[in-house]
Amino acid sequence: MYLCQHTAKIKPHLGMLHAKKRTVLVLAAFGLLFGACQREYLNTDDLDITLRPGFIFPLGQADLTIGDVFKPDSSMISTDPNGLYRLVYSQPDLFDLQVGDIVEIPNQTPTNTAFAMGVVNIPNVNFGSSVRFGKLVRNITNPSGTANLIKSAHGSTSYIPNLPAQNPGNLAGANITTFSTASFSGGQLSMKLVNKYPVAISSTMAITDVQGTELLTFVFTGLASQDSSVSTANLAGVTLPGNIRFKLKNFSSPGAGTFGIPATYVPIDTNALLKMSVVGTGLQIYNAVAQVQSQQVVDETLTVDFGAAQGVKLKELKLNAGSFDYSFNSGLPETLQMLLEFSSATVNGQTVSQTITVPPGQTTTGSIPLSNAVFNLASNPAHPYNQLPISYSASIVSSGNLVQLDSSSSLAMSFTMNGIQFGHLKGFFGQDTIEIASDSIQLAVDAINKLGGSISFAEPSISLNIDNSIGLPLTMELEMTSFTANNQASPLNAPALTLPFPTVAQMGQTVSGTLTIDKNNSNIVNLLTLPKETFSYGGRVVINADTVANGTSNFVTSTSGISGDLVMELPFYFRASGIGFTDSIDLADLNLGDLPVVVNGAKLHLGSVNSLPLGVTLVMNFFDSTGVLTHNETLILLQSGTVDPATGLVTAPVQNTATLDLDAAAAANVLGSSVCEIQAVMATSNNGTVPVKLLTTSALRILLGIEVDLEYTVN
């Protein structure tokens with residue numbers, strides 16, 4: 001606002017020929033709207049007054065554009081391309097959530113397990129022996145003299161008497177080289193008996209230890225001369241030493257030939273053999289000192305529960321980094337070849353596996369790198385999430401030596417996943433709530449705060465500009481409340497808003513969108529009715545709030561995140577009433593001092609051209625030098641420009657003039673005042689009931705002055 005420079009002019013006023021002369025003075029000019037402009041005050045010392053019939057002085061001119069009050073800046077007040085003022089507040093990063101705020105893979109608990117060696121196979125055994133016919137008959141006691149008979153007939157023929165059942169005893173032995181002792185849980189021994197004796201025999205053949213304890217028996221009945229037979233015994237529950245004996249018991253023979261009839265005699269060879277051949281097959285031991293076969297001793301699948309937060313159901317995991325760390329503590333007597341295989345994990349399409357050599361009686365540690373591994377955590381139909389199956393097998397590698405074997409010997413194992421950095425996760429990430437840190441905004445707009453009254457915006461809005469690469473539905477519950485100076489609260493009451501999010505097909509991409517809160521879905525008009533001292537905000541983000549509408553297929557990548565910027569925008573399309581400001585004017589130069597005059601009255605004159613959408617009422621309070629109120633007046637000073645209710649825009653400026661008459665006492669009080677305090681009270685069109693728009697081109701031109709009627713006596 002500025003006051004134009006002006007020059008005093010003098011015009012004659014005719015028809016005033018009296019002894020007492022009355023002079024009309026236009027003494028002072030000033031301009032005012034939203035703040036007083038500086039003015040050049042009229043000082044009586046500057047006037048060269050001569051006696052004339054009358055005097056009229058021209059008034060000052062003031063021009064005001066709305067830019068004098070609302071100055072666009074880079075913070076809150078701006079204009080759009082159409083020149084409409086906007087009050088804009090932005091809060092970058094109202095929330096900024098990274099993937100770690102949404103889903104977290106906790107440190108995995110080590111998995112500890114063990115397996116016992118169990119029953120193992122040892123190599124098949126072959127051993128045997130024989131008993132000469134001469135040795136046998138030396139141990140035949142019934143009938144007596146049989147041994148001498150057979151011995152004397154060696155190399156010739158003879159009859160052999162009937163031999164009744166008797167026990168010749170331990171007549172042969174054998175050593176087993178593949179074990180020194182063995183306790184069997186399974187297997188069999190088959191004994192083949194070849195009879196080279198000249199007579200048929202029947203016998204029970206027992207295997208004993210060196211102390212003669214019978215361990216196994218084989219029964220042969222009616223085995224003809226020059227014939228063979230096989231008998232089999234089950235080894236389950238039997239312990240055999242490596243040094244064994246063959247014991248003949250229940251031995252009998254029908255004999256051969258008839259005494260005294262040489263034609264019936266049979267050839268006698270005391271070196272003829274009774275051969276025992278033993279084969280052990282399918283030998284399974286639970287305790288032994290033996291050679292062990294190279295064999296697989298375990299083939300199992302271990303299901304590891306993949307640690308995740310409560311309610312999180314992970315189905316697929318890709319790792320950018322990580323390792324599967326293992327430790328094997330072997331109590332087995334032979335080297336083991338361990339094969340670890342992740343049947344549901346692949347790297348470049350190949351199953352993740354590793355073979356590990358575990359020396360006997362030692363602890364072996366190591367790691368399997370898992371970079372770029374993709375894990376299917378849903379391979380178990382009965383539990384299709386959070387499970388990692390690990391197959392492990394162990395094979396004994398035989399050294400060929402006799403070793404102590406015990407089925408209870410075990411291998412202790414420990415597994416854990418370390419250094420996990422995931423590339424992506426798929427599954428259901430549960431339902432959770434993340435609180436938005438509460439804060440407050442001090443909405444300090446001087447140009448509004450000092451106006452007072454009430455401003456209600458017709459089209460306020462709050463926008464949330466979202467950038468999201470997290471593939472799960474997040475629902476924003478935004479809480480905002482504005483507070484007046486006396487702490488009266490106006491809550492926003494905005495609806496819950498689901499933030500835009502990428503689909504599975506958009507994994508790795510960022511989806512952007514804007515959510516808007518306006519008068520159609522909230523209490524934003526009351527929230528932003530000004531003036532307000534403080535705006536508080538907070539709220540929460542709810543994860544997977546509505547699984548019926550949005551499903552349970554979530555995903556994130558290692559770079560996923562979501563951010564939201566808040567923009568609060570108030571176009572100056574508003575209703576207002578009772579707003580105003582107060583300013584003062586120094587009236588010291590209007591004081592007539594000791595001039596011999598009589599004040600008969602005065603007039604206040606106003607002329608205006610207004611394209612503002614505001615009407616103004618002036619309340620003028622006059623005070624003397626001691627601060628005492630001397631006079632006050634109220635003047636409808638300005639009318640708003642003509643407003644189109646459909647657009648809120650001023651369609652034509654309004655010209656206005658006004659005159660306020662003061663009687664002699666009031667005029668004297670005004671002229672005797674030192675300060676004029678002016679309060680401008682404004683309202684939008686139709687007393688604040690019609691929303692209007694405030695443009696940069698809105699302007700006001702005013703003329704304002706005081707006309708004083710004085711009487712003085714000419715000597």
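All residue numbers refer to positions in the sequence shown, counting from 1.
Counting only heavy atoms from C-beta outward, the side chains of Q291 and L402 approach each other to under 4.5 Å. By the 4.5 Å heavy-atom criterion applied to side chains, N544 and T552 are not counted as neighbours. Residues F184 and I122 are in side-chain contact: their nearest non-hydrogen atoms beyond the backbone lie under 4.5 Å apart.
Residue pairs meeting the side chain to side chain donor-acceptor pair (under 3.5 Å) criterion with at least one partner in residues 420-429, sequence neighbours excluded, are E316-H424. Among pairs with a residue in residues 372-384, none fulfils salt bridge (charged side-chain N to carboxylate O under 4.0 Å, His left out), at least two apart in sequence or across chains.
In this structure, N523 contributes its side chain and P491 its backbone to a donor-acceptor pair below 3.5 Å. Judged by distance alone, the side chain of D325 and the main-chain N or O of T416 form no donor-acceptor pair under 3.5 Å. In terms of modelled atom types and a separation under 3.5 Å, the side chain of S469 and the main chain of G561 share a donor-acceptor contact.
The ring-ring contact (aromatic ring centres under 6.0 Å, His included) search around Y385 returns H383, not counting sequence neighbours. Under the side-chain contact (heavy atoms from CB on, under 4.5 Å) criterion, S183 pairs with T239, Y286, N287, not counting sequence neighbours. Residues passing the salt bridge (Lys or Arg N to Asp or Glu O under 4.0 Å) test with E477 are R540, sequence neighbours excluded. Every side-chain contact (heavy atoms from CB on, under 4.5 Å) that P360 has, sequence neighbours left out, goes to T335.
Less than 6.0 angstrom separates the ring centroid of Y326 from the ring centroid of F328.
A side-chain contact (heavy atoms from CB on, under 4.5 Å) with S482 is found for exactly one of L492, L527, N526, I524, namely L527.
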